[in-house]
Protein chains: 2
Amino acid sequence: MTDLNQTFAALSDTTRRAIVARLAEGEAPLAKVAAPFQMSLTAVSKHVRVLSDAGLVSVTKRGRTRYCRIEASPMREAVNWLNDYQRFWDHQLEALGEFLQDENEDV
Amino acid sequence: MTDLNQTFAALSDTTRRAIVARLAEGEAPLAKVAAPFQMSLTAVSKHVRVLSDAGLVSVTKRGRTRYCRIEASPMREAVNWLNDYQRFWDHQLEALGEFLQDENEDV
DNA sequence: ATAATAGTCAACCAATAAGTTCACAAATGG
DNA sequence: CCATTTGTGAACTTATTGGTTGACTATTAT
């Protein structure tokens, strides 16, 4: 699997995006990360594993606690990929595109 | 499934990103979209369906031909989400973060 | 009318994902 | 030493994904 596959797949889950959002506020032990969710700790642990396999999060063991922190560099690649299509998702340029297309329809 | 789930999931596949890249060059009939891939037309058709369900591609039937075009507005939401973490994936700020952390380690 | 083109639909398969539970390990606290 | 906290690992279930093939529909070309 390519890095981009892994990055986008990791971000395609609500729980995992919430974990990223949580970790953006600062490092946190897994138990604290898991607290807001209804699912089992094991399930959250798996989500963190997916994020860490994708390189979006790193986990450091100190004592019996695993501290999770955001490690967002793969996001940069994702954004880079998306930026290649900026002309499609940019509002103003999209309006320009529609204008040009309307012009063409007259021909 | 949320829009973001769908958008990120749609982009988490190499074939589908290649399709998006192809369509960025302009509208194309499904057969042309499928041509570069080894898999069956049915499989490509399914990928296009995933992209179209996610709103990233629209399909218009003219005659017996289905024309596919990029429809990238959902990408905007994805980029918006990622931008919330820009400070993590931005190169220079990341370097700053490491600097600050090194400072802390002295304490 | 017939044949070729463009594509869908349904059925199926193998692999992966997301969750569960239970048993266990390893560190900390009394 | 013993209990508690903080997780991991294995086994299992259910649903989804990505692919196949074969039959079919609809449009165009001869």
Side-chain angles (χ1 to χ4, degrees), chain A residues 1-23 26-71 74, chain B residues 1-23 26-71 74:
Chain A
M1 182 149 46
T2 71
D3 286 359
L4 271 177
N5 284 13
Q6 241 179 317
T7 304
F8 282 126
L11 294 176
S12 72
D13 180 276
T14 308
T15 303
R16 286 193 295 265
R17 284 197 311 279
I19 291 173
V20 169
R22 167 68 180 84
L23 294 180
E27 194 179 54
L30 185 56
K32 298 269 183 184
V33 171
F37 302 105
Q38 288 175 299
M39 68 191 79
S40 68
L41 179 61
T42 305
V44 174
S45 174
K46 280 195 194 181
H47 279 303
V48 168
R49 170 64 77 95
V50 171
L51 289 167
S52 115
D53 285 349
L56 289 161
V57 159
S58 66
V59 179
T60 314
K61 182 178 171 184
R62 289 204 292 277
R64 68 186 160 186
T65 309
R66 271 73 169 180
Y67 291 92
C68 310
R69 53 188 299 210
I70 201 169
E71 210 70 60
Chain B
M1 183 152 43
T2 70
D3 286 0
L4 271 177
N5 284 14
Q6 242 180 315
T7 303
F8 281 127
L11 294 176
S12 73
D13 180 276
T14 308
T15 303
R16 286 194 294 265
R17 285 197 309 278
I19 292 173
V20 169
R22 167 68 179 82
L23 295 180
E27 193 180 55
L30 185 56
K32 299 269 184 184
V33 171
F37 303 104
Q38 289 177 298
M39 69 192 78
S40 67
L41 178 61
T42 304
V44 174
S45 173
K46 280 195 192 181
H47 279 302
V48 169
R49 170 64 78 96
V50 171
L51 289 167
S52 114
D53 285 350
L56 289 161
V57 159
S58 66
V59 179
T60 314
K61 182 177 169 184
R62 288 204 292 279
R64 68 183 161 189
T65 309
R66 269 75 171 181
Y67 292 91
C68 310
R69 52 187 302 209
I70 200 169
E71 210 71 58

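Only this structure's heavy atoms are used, side chains among them; waters, hydrogens and symmetry mates stay out. All chains are named by letter (A, B, ...) in the order of the sequence lines, taking the proteins before the strands, and each is independently numbered beginning at 1.
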Euclidean distance, atom [atom1] of residue [X] to atom [atom2] of [N] [Å, nearest integer]:
X: Leu30(A); N: dG9(D); atom1: CG; atom2: C1'; result: 14 Å
X: Arg49(B); N: dT16(D); atom1: CZ; atom2: P; result: 16 Å
X: Asn5(B); N: dT17(D); atom1: CG; atom2: P; result: 11 Å
X: Asp53(B); N: dT17(D); atom1: CG; atom2: P; result: 10 Å

Practice task
First locate atom OG1 of Thr7(A), then atom CG of Leu51(A), and finally report the distance between them rounded to the nearest 0.5 Å.
Solution key: 10.0 Å
Fill in the blank from the handout: Rounded to the nearest 0.5 angstrom, the CG-CG distance for Leu11(B) and Leu56(B) is 5.5 Å
Exercise for the section: Return the minimal non-hydrogen interatomic distance between Ala9(A) and Ser12(B), and the atom names on each side. Expected result: N-CB, 3.4 Å
Problem - Any Ser45(B) side-chain nitrogen or oxygen under 4.0 Å from OP1 or OP2 of dG7(C) - result: no
Exercise for the section: State, yes or no, whether a side-chain contact exists between Asn5(A) and Arg17(B) at a heavy-atom distance under 4.5 Å. Expected result: yes
Atom pairs under 3.5 Å, N or O on each side, protein against nucleotides 19-22 of chain D: can you list them with distances?
residue	atom	partner	partner atom	Å
dG19(D)	OP2	His47(B)	NE2	2.1
dG19(D)	N7	Lys46(B)	NZ	3.1
dG19(D)	O6	Lys46(B)	NZ	2.5
dT20(D)	OP2	Ser40(B)	N	3.0
dT20(D)	OP2	Ser40(B)	OG	2.8

Fill in the blank from the handout: Per the under-4.0 Å heavy-atom filter, residues of residues 60-67 of chain A near DNA chain C come out as Lys61(A), Gly63(A), Arg64(A)
Problem - Contacts of type side chain to side chain donor-acceptor pair (under 3.5 Å), residue Arg22(B), not counting sequence neighbours - result: none
Fill in the blank from the handout: side chain to side chain contact (heavy atoms under 4.5 Å, CB included) filter on Thr42(A), not counting sequence neighbours, yields Ser40(A)
Fill in the blank from the handout: For Val44(A), the side chain to side chain contact (heavy atoms under 4.5 Å, CB included) test, sequence neighbours excluded, returns Ile19(A), Leu30(A), Val33(A), Ala34(A), Phe37(A), Met39(A), Val48(A)
Exercise for the section: Scan for salt bridge (charged side-chain N to carboxylate O under 4.0 Å, His left out) pairs involving residues 40-63 of chain A, sequence neighbours excluded, and state none if there are none. Expected result: Glu27(A)-Arg62(A)
